[in-house]
K.L.:
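Please find one structure pasted underneath; my questions will follow.
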Amino acid sequence: MDRDMGEVVCGACGLVIGDVMLDQKPEWRAFTLAEKDARMRVGAPTSYLQYDKGLSTTFRPNEGSTSRQMSLKMRRLRKWNVRSRLHSSSERNLSQAMNELERLSDKLKLPRSVREIGARIYRKALDKGLVRGRSISAVAAAALYAACRTTRTPRTLKELSTASLRGRKEISRCYRLILREVNPRLPIDDPAKYISKIASTVGLSQRAQNEAVKILRDADSRGMVSGKGPVGLAAAALYVSALLAGEEVTQQDLANASGVTEVTIRNRYKGLRNGIDYLKEVL
DNA sequence: TAAGATAAGAGGGACAT
DNA sequence: ATGTCAGTCTTATCTTA
């Protein structure tokens with residue numbers, strides 16, 4: 001089980017068995033009865049996924065005493081309750097954004113934990129006024145992408161943009177804005193994260209994956225990776241390791257599975273061959 | 001048919017004006 | 001703010017084994 005990836009992977013063969021990670025746990029645990037008793041009072045775990053963090057009240061008609069007057073009064077109260085919750089534009093904005101976040105996460109099979117972080121990032125962006133003048137869906141997609149990066153969950157900007165209604169350019173603009181304004185320190189994208197994802201869709205062995213990771217480490221230690229796209233590097237490393245292991249994969253297959261072009265794979269492949277001595281001899 | 005080569009164009013970062 | 005430069009990646013097309 002690879003928690004970073006949000007995937008369930010077979011340890012023997014590297015096959016991705018399922019990529020839906022359900023997070024059904026409450027956010028706390030009770031170890032003793034007394035503790036449990038104490039915690040009964042905290043209510044549901046709060047969540048950033050609801051625009052009001054799950055703390056709002058709702059009115060329901062009282063089914064027991066349904067006098068005509070009472071139900072009218074209740075209806076009025078409920079109306080005001082709803083109004084007071086939704087009246088501010090920022091909260092309306094949030095509620096829309098949370099919907100979009102849910103839709104995207106669903107499409108991309110992202111675990112709830114990532115969605116939570118995406119929601120938190122979106123809130124910050126909204127508080128800083130970054131959403132004004134931009135589309136909610138684009139900023140939401142960008143926030144979710146940022147969440148993938150902070151949690152080291154391998155999703156590409158491209159995947160985000162195909163799931164979103166917005167174009168890649170617009171989302172990446174928002175993403176860079178978020179980087180600058182709200183989330184200055186994100187870990188750099190690690191190519192190794194993409195390896196098992198790519199490998200399992202083209203059916204490469206775990207052995208080949210391990211080898212590919214090793215190759216990437218070598219390349220990194222030689223300063224060959226800076227400035228290069230992480231996905232292309234991962235795909236090329238897999239191509240090399242497949243050759244070494246005698247497993248059959250075409251550049252075309254890897255290109256399809258990874259979302260980069262064959263040309264890019266070829267270029268990275270060439271770089272790896274020239275840059276790493278022990279590969280020069282074998283290939 | 002897969003792999004390699006080449007060229008043109010897009011988009012974005014760094015840096016200067 | 002705007003322009004230029006170097007470098008990456010994509011798309012398209014042709015050649016090679």
Side-chain angles (χ1 to χ4, degrees), chain A residues 121 125 128-130 132-135 137-139 141-146 148-150 154-195 197-199 201-205 208 211-212 215-216 218-276 279-283:
Chain A
I121 293 172
K128 297 207 172 202
L130 303 183
R132 174 160 306 194
R134 276 171 261 271
S135 72
S137 52
V139 180
L144 196 57
Y145 178 61
C148 288
R149 296 291 297 269
T150 66
R155 295 292 185 281
T156 61
L157 199 47
K158 198 172 177 180
E159 288 174 286
L160 257 299
S161 67
T162 53
S164 170
L165 307 168
R166 299 287 152 187
R168 206 201 91 243
K169 281 164 54 180
E170 190 179 355
I171 296 175
S172 82
R173 266 200 305 273
C174 294
Y175 170 64
R176 280 193 300 279
L177 190 71
I178 286 175
L179 274 197
R180 261 207 317 280
E181 303 293 330
V182 347
N183 225 341
R185 291 242 170 251
L186 289 192
I188 56 144
D189 212 358
D190 182 5
K193 284 287 158 193
Y194 292 95
I195 281 187
K197 192 178 174 209
I198 299 170
T201 82
V202 298
L204 284 173
S205 71
E211 182 62 23
I215 291 170
L216 279 181
D218 281 347
D220 188 24
S221 68
R222 282 158 222 250
M224 296 168 52
V225 304
S226 74
K228 310 283 197 297
V231 183
L233 276 167
L238 274 171
Y239 182 64
V240 172
S241 69
L243 286 183
L244 293 180
E247 298 180 34
E248 291 209 0
V249 202
T250 66
Q251 297 176 352
Q252 174 87 61
D253 296 334
L254 285 167
N256 288 337
S258 62
V260 301
T261 58
E262 301 165 69
V263 179
T264 299
I265 294 178
R266 280 199 276 276
N267 289 336
R268 293 296 82 78
Y269 168 56
K270 198 159 54 176
L272 288 176
R273 228 177 14 189
N274 296 336
I276 301 183
L279 291 182
K280 244 185 269 184
E281 298 148 22
V282 194
L283 302 170

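Chain identifiers are assigned alphabetically (A, B, ...) following the order of the sequence lines, protein sequences preceding nucleic acid strands; residue numbering begins at 1 within each chain.
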K.L.:
May I have the distance from K158(A) (atom NZ) to dA10(B) (atom P), rounded to whole angstrom?
P.N.:
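It is 17 Å, rounded to the nearest whole Å.
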K.L.:
Taking 4.0 Å as the cut-off, does a side-chain nitrogen or oxygen of S172(A) come that near to OP1 or OP2 on dG12(B)?
P.N.:
yes
K.L.:
Would you say a side-chain N or O of K270(A) is under 4.0 Å from OP1 or OP2 of dA5(B)?
P.N.:
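Looking at the OP1 and OP2 atoms of dA5(B), one of them is under 4.0 Å from a side-chain N or O of K270(A).
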K.L.:
Roughly how many Å is it from CD in E262(A) to P in dT10(C), rounded to a whole number?
P.N.:
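Taking atom P of dT10(C) as the reference, CD of E262(A) is at 11 Å.
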K.L.:
Would you say dT10(C) has OP1 or OP2 under 4.0 Å from some side-chain N or O of T264(A)?
P.N.:
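Yes, within the criterion.
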K.L.:
Does the ring of Y269(A) carry R273(A) above it, NZ/CZ under 6.0 angstrom from centre and within 45° of its axis?
P.N.:
yes
K.L.:
Is R176(A) close enough to dG12(B) that one of its side-chain N or O atoms is under 4.0 Å from OP1 or OP2 there?
P.N.:
yes
K.L.:
Under 4.0 Å between a Lys/Arg side-chain N and an Asp/Glu carboxylate O for E159(A) and K197(A)?
P.N.:
yes
K.L.:
Looking at Q251(A), does any N or O in its side chain come under 4.0 Å of the phosphate oxygens OP1/OP2 on dG4(B)?
P.N.:
yes
K.L.:
When the distance from CZ of R273(A) to C1' of dG4(B) is rounded to whole Å, what number comes out?
P.N.:
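So the two atoms are 9 Å apart, to the nearest Å.
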K.L.:
For a quick test of your reading: what N or O donor-acceptor pairs under 3.5 Å do the side chains of residues 242-251 of chain A make, sequence neighbours left out?
P.N.:
residue	atom	partner	partner atom	Å
E247(A)	OE1	S205(A)	N	3.1
E247(A)	OE2	S205(A)	OG	2.6
T250(A)	OG1	Q252(A)	N	3.4
T250(A)	OG1	D253(A)	N	2.9
T250(A)	OG1	D253(A)	OD1	3.3
T250(A)	OG1	D253(A)	OD2	3.0
Q251(A)	OE1	R266(A)	NH1	3.0

K.L.:
Rounding to an integer number of Å, can you tell me how far Q252(A) CD sits from dG4(B) P?
P.N.:
14 Å
K.L.:
Is the phosphate of dA3(B) approached by Y239(A) (side-chain N or O, under 4.0 Å from OP1 or OP2)?
P.N.:
yes
